[in-house]
S.K.: 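Once you've had a glance at the structure underneath, I'll fire off some questions.
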Amino acid sequence: MTSLFLGLKFLFIPNSKAGVSKIRQKLAVDHGAQICSAFGETSTTHVLVDTKVVLTANTEALIRTLKKLGLRDIAKTNVPVVGQEWLVQCVSKSELLPTANYTIDLARPSAKKRKVSSLRKAESRPIVDTTLEPGEKVLDSPNQTSVDVLNEMAEQHRINGEAYKVKAYRNAIDTLQRVSTPVTSYSQAIQLEGVGPAIAKKIEEISRTHHLRQLDVSKGSRHTQLMKLFKGIYGVGTVIAKKWIDEGMTSLDDIKNRTDLTDAQRLGLQYYDEWNERIPRSECTIHAEYVQYMLNRVDPLIEATIGGSYRRGAKTCGDIDFIVTKPDATMEALQADMDNLIDTIKQAGYLQCILHHHVKNKLLTGCSLPPLWNKKVDGQGEEWGKCRRVDFLLVPWKELGAAMIYFTGDDEFNKKLRYRAQKHGMVLNGTGLYKIVRDGSKERHELVESFDEKKIMSLLNVKWHEPEQRNTGVFDIAWNG
DNA sequence: ACGCAGGACAG
DNA sequence: CTGTCC
DNA sequence: GCGT
Ligand SMILES: O=c1ccn([C@H]2C[C@H](O)[C@@H](COP(=O)(O)OP(=O)(O)OP(=O)(O)O)O2)c(=O)[nH]1
Ligand SMILES: [Mg+2]
């Protein structure tokens, strides 16, 4: 983070998506530059060309590209057109170097041949590796309407089970939220990383009309409404919901009479309303006090903390995610403790039902606070609390860091981290970060780190992200190739 | 045309 | 194996 | 739906 390029506006060529270009753009921004999406003689201060992408044969393609982006006359422009090496050198020397040695002469039409060997070398860099930082988004974005509407589109796709469309929308929204100027046209929109033709079109429509017809159609459709209703049942996903709709089911009453429900689905139906409600943060805290109190009877050394959205600072939580551990404990030791806890909270009435009991390390439940504790929630203390979804993750002491990362999330943050691990030839899961070692035909996973949350991130070249910074839309993990 | 995280349980 | 969930 |  420096002010090296403060006040400068760079136009990148190619000025979109691609991995390396994207990372250089981030580098520029980190040192104070702004990125232009189109050429402006008075606004753009430098054109930065990725020479190994663009100048493979000749400069003509580059000139065409620049014209398309708004450059009127190559001969007359005062804006320097330089290779991106200039940027890299400036940063590494921490000073603004003269552009002269890096300029690309567009006035001369004949091709400047690059050496193949240097091309290769540049291209075969092992890992495109920038250090990530917690991102900042522009609050009060000038594109808030588009962001909101696109979010609703993503929700429609989620309901209809199009996971990768959801992902694509999230990525596009993430970019759009950081843009500080209004994006009003297809051509502006499609410049943004993560925005392709389909979403660009939508952004233009939203910006013109403050509306998206496709969204209204989707929201209004009977199919989507029923999908939403049925998917609200715990244990019912896209496929089952579709199936039921095809079979003519139209209400939860229709479902109640079915004989093919799993145990979990029947519970999901029974607690339909309660489990679709979000839990106020203050109530989660009471659950933590209660569970800690109960665990204290089992073994005072056991620790229980809430992860998930609670740890990320959410004001309301979809469920309560407990991480349960004990200094130096192995999984076996914890399982014994957990069995005791289950007995204890079952006796006390807190544990209402079990959805899944992963013999391994997880317990997914429905739980209600007893009246005396619920007093702290409703101020009355006469009734049992609402049934809440409560998950317990048992964690051997040595794996605490990896487990904390996993169970703190959010899910998108985990995915980006794990994807990054892949790029480093490693695997990240809830038990640790492992190096993939292949001997012969078999491949082994060799533990690199599992105890220290901070070390795991740092090994992946990810700066420390406080839990609050792991929320989608807040963190900014650069695209990977 | 392909990948988009990784792992666990129910049925 | 498929579907669902964390 | 997007990037490669
Ligand atoms: O597909 C998933 C879902 C969840 N998780 C991790 C991250 C998440 O934070 C944690 C707990 O899951 P949960 O579904 O409770 O999500 P949350 O982040 O706590 O949000 P919510 O407020 O909806 O509970 O498990 C994943 O890694 N992948
Ligand atoms: Mg949660």
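As the structure is a computational prediction, the values presented were derived from the model and not from experiment. Lettering of chains follows the sequences in order, A, B, ..., and the numbering in each one begins at 1.
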S.K.: To the nearest angstrom, how far is A:Ile456 atom CD1 from B:dA5 atom P?
M.R.: 18 Å
S.K.: Rounded to whole angstroms, how far apart are CD1 on A:Ile203 and C1' on D:dG1?
M.R.: 12 Å
S.K.: Base, sugar-phosphate, or nothing for A:Thr238, non-hydrogen atoms under 4.0 angstrom?
M.R.: sugar-phosphate
S.K.: If you define the side chain from C-beta out and look only at heavy atoms, does anything of A:His223 sit under 4.5 Å from A:Asn160?
M.R.: yes
S.K.: Would you give the length of the straight line joining atom CG of A:Asn471 to atom OG1 of A:Thr408, rounded to the nearest 0.5 angstrom?
M.R.: 10.5 Å
S.K.: For atom C1', what is the distance between B:dA5 and C:dC5, given to the nearest Å?
M.R.: 14 Å
S.K.: Could you state the atom-to-atom distance from CD of A:Gln265 to P of C:dT2 in whole Å?
M.R.: 18 Å
S.K.: In whole angstrom, give the distance that lies between atom CG of A:Asp391 and atom P of C:dT4.
M.R.: 18 Å
S.K.: Looking at A:Gly313, is its backbone amide N or carbonyl O close enough to the side chain of A:Glu468 to form a donor-acceptor pair, meaning the two atoms are under 3.5 Å apart?
M.R.: no
S.K.: Out of A:Tyr310, A:Tyr350, A:Phe392, which one pairs with A:His287 under the ring-ring contact (aromatic ring centres under 6.0 Å, His included) rule?
M.R.: A:Tyr350
S.K.: Which atoms form the tightest heavy-atom contact between A:Arg158 and A:Lys231, and what is the distance?
M.R.: O-NZ, 3.0 Å
S.K.: What is the per-nucleotide protein-contact pattern of nucleotides 6-11 of chain B, from the 5' end, where B denotes a base atom under 4.0 Å from a protein heavy atom, S denotes such proximity for sugar-phosphate atoms only, and - denotes neither?
M.R.: BSSSSS
S.K.: Quickly work out the A:Ile405 CD1 to B:dA5 P distance and round it to whole Å.
M.R.: 17 Å
S.K.: Should A:Lys386 and A:Glu277 be marked as a salt bridge (charged side-chain N to carboxylate O under 4.0 Å, His left out) after you check the CA-CA gap, both sets of side-chain angles, and the distance that decides it?
M.R.: CA-CA 10 Å; A:Lys386 292 179 179 167; A:Glu277 231 179 70; 3.0 Å; yes
S.K.: Starting from P on D:dG1, measure out to NZ on A:Lys201 and report it in whole angstrom.
M.R.: 10 Å
S.K.: Whole-Å distance between B:dA5 C1' and A:Asn171 CG?
M.R.: 14 Å
S.K.: Could you tell me the separation between the CD1 atom of A:Ile240 and the C1' atom of C:dC1, rounded to a whole number of Å?
M.R.: 14 Å
S.K.: Measuring only between side-chain heavy atoms, which start at C-beta, is A:His445 closer than 4.5 Å to A:Lys435?
M.R.: no
S.K.: Please test A:Arg208 against A:Glu204 for salt bridge (charged side-chain N to carboxylate O under 4.0 Å, His left out), starting from the C-alpha separation and ending with a verdict.
M.R.: CA-CA 6 Å; A:Arg208 286 180 133 82; A:Glu204 176 162 322; 2.5 Å; yes
S.K.: How far does OH of A:Tyr272 sit from CG of A:Leu267, to the nearest 0.5 angstrom?
M.R.: 15.5 Å
S.K.: Considering only heavy atoms, which members of residues 149-169 of chain A lie under 4.0 Å from some atom of DNA chain D?
M.R.: A:Tyr164, A:Lys165, A:Ala168, A:Tyr169
S.K.: For C:dC6, take OP1 and OP2 only and decide whether either is under 4.0 Å from a side-chain N or O of A:Arg389.
M.R.: yes
S.K.: So what does A:Asp411 touch, heavy atoms closer than 4.0 Å: a base, only the sugar-phosphate, or nothing?
M.R.: nothing
